[in-house]
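One structure is given below, encoded as structure tokens.
Predicted model, so just to flag it, every value in this text is computed and none were measured.
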Amino acid sequence: MNLLILDQAKQDLIDGYRFYENQGVGLGDYFLDSAYAEVDSLLIHAGIHRIVAGFHRLLVRRFPFAVYYVVEENTVVVWAMVDCRRSPKVIKAKLKKIRRRA
């Protein structure tokens, strides 16, 4: 199984890193470590998560973020890392926009 994190998902991670680093020095690194650990777990557990808006959704355990991904043949493609504290309407609109690109 291969893992591909698209640029837009990487940008979501950078945005999350900046937010948490502003909350406390080192918290941004902890966020990235936690998020990447969850993403890495997809190499074993891809496809078992609930489908939301056409994507599988993996909830990050230590932070209120969700990983939205699809499984294409032998590759897990991470499309977005969404902050779950956002309005459900904002999240739904983001996923709809991403889905059009897919």
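Screening residues 33-53 for ring-ring contact (aromatic ring centres under 6.0 Å, His included), with sequence neighbours left out, gives H49-Y69.
Note that NZ of K92 is 10.0 Å distant from NZ of K89, once rounded to the nearest 0.5 Å.
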For side-chain contact (heavy atoms from CB on, under 4.5 Å), just list the numbers for V78 and L4, CA-CA rounded to whole Å, side-chain angles, deciding distance to a tenth of an Å, and then say yes or no.
CA-CA 6 Å; V78 177; L4 173 63; over 6 Å; no
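Residues that satisfy the ring pair (Phe, Tyr, Trp, His ring centres under 6.0 Å) test with F65, not counting sequence neighbours, are F31. Remark: R61 engages E38 in a salt bridge (Lys or Arg N to Asp or Glu O under 4.0 Å) (not counting sequence neighbours).
With hydrophobic clusters built from ILVMFWY side chains whose heavy atoms lie under 4.5 angstrom apart, V77 does not share a cluster with V67. Cluster membership for V82 and V39, using ILVMFWY side-chain heavy atoms within less than 4.5 angstrom, is not shared. No continuous path of hydrophobic side-chain contacts links F55 to V71 [ILVMFWY only; heavy atoms under 4.5 Å]. Note on L58: it does not cluster hydrophobically with L6, by side-chain heavy-atom contacts below 4.5 Å among ILVMFWY residues. V70 and V76 fall into different hydrophobic clusters, where Ile, Leu, Val, Met, Phe, Trp and Tyr side chains are chained together by heavy-atom contacts under 4.5 Å.
Side-chain N or O atoms of Q8 include one that pairs as donor or acceptor with a backbone N or O of W79 at under 3.5 Å.
Of all heavy-atom pairs between A9 and M81, the closest is O-CG, 3.9 Å. Among all heavy-atom pairs drawn from I5 and K10, the shortest one is O-CE, 3.2 Å. Residue G26 comes nearest to E21 through the heavy atom pair N-OE2, 2.9 Å, listed as atom of the first residue, atom of the second, then distance. Of all heavy-atom pairs spanning P64 and D83, the tightest one is O-OD1, 3.4 Å.
A 4.5 Å side-chain heavy-atom check between F19 and L27 finds every atom pair outside the cut-off. Considering only heavy atoms from C-beta on, Y68 stays 4.5 Å or farther from H56 through its side chain. You'll find the side chain of K94 reaches within 4.5 Å of the side chain of D12, heavy atoms only. The side-chain heavy atoms of T75 and M1, taken from C-beta on, include no pair separated by under 4.5 Å.
Residue R85 places its CZ atom among more than 12 non-hydrogen atoms of other residues, nucleotides or ligands, all under 6.0 Å distant.
The closest side-chain donor-acceptor pair between Q11 and D15 falls under 3.5 angstrom.
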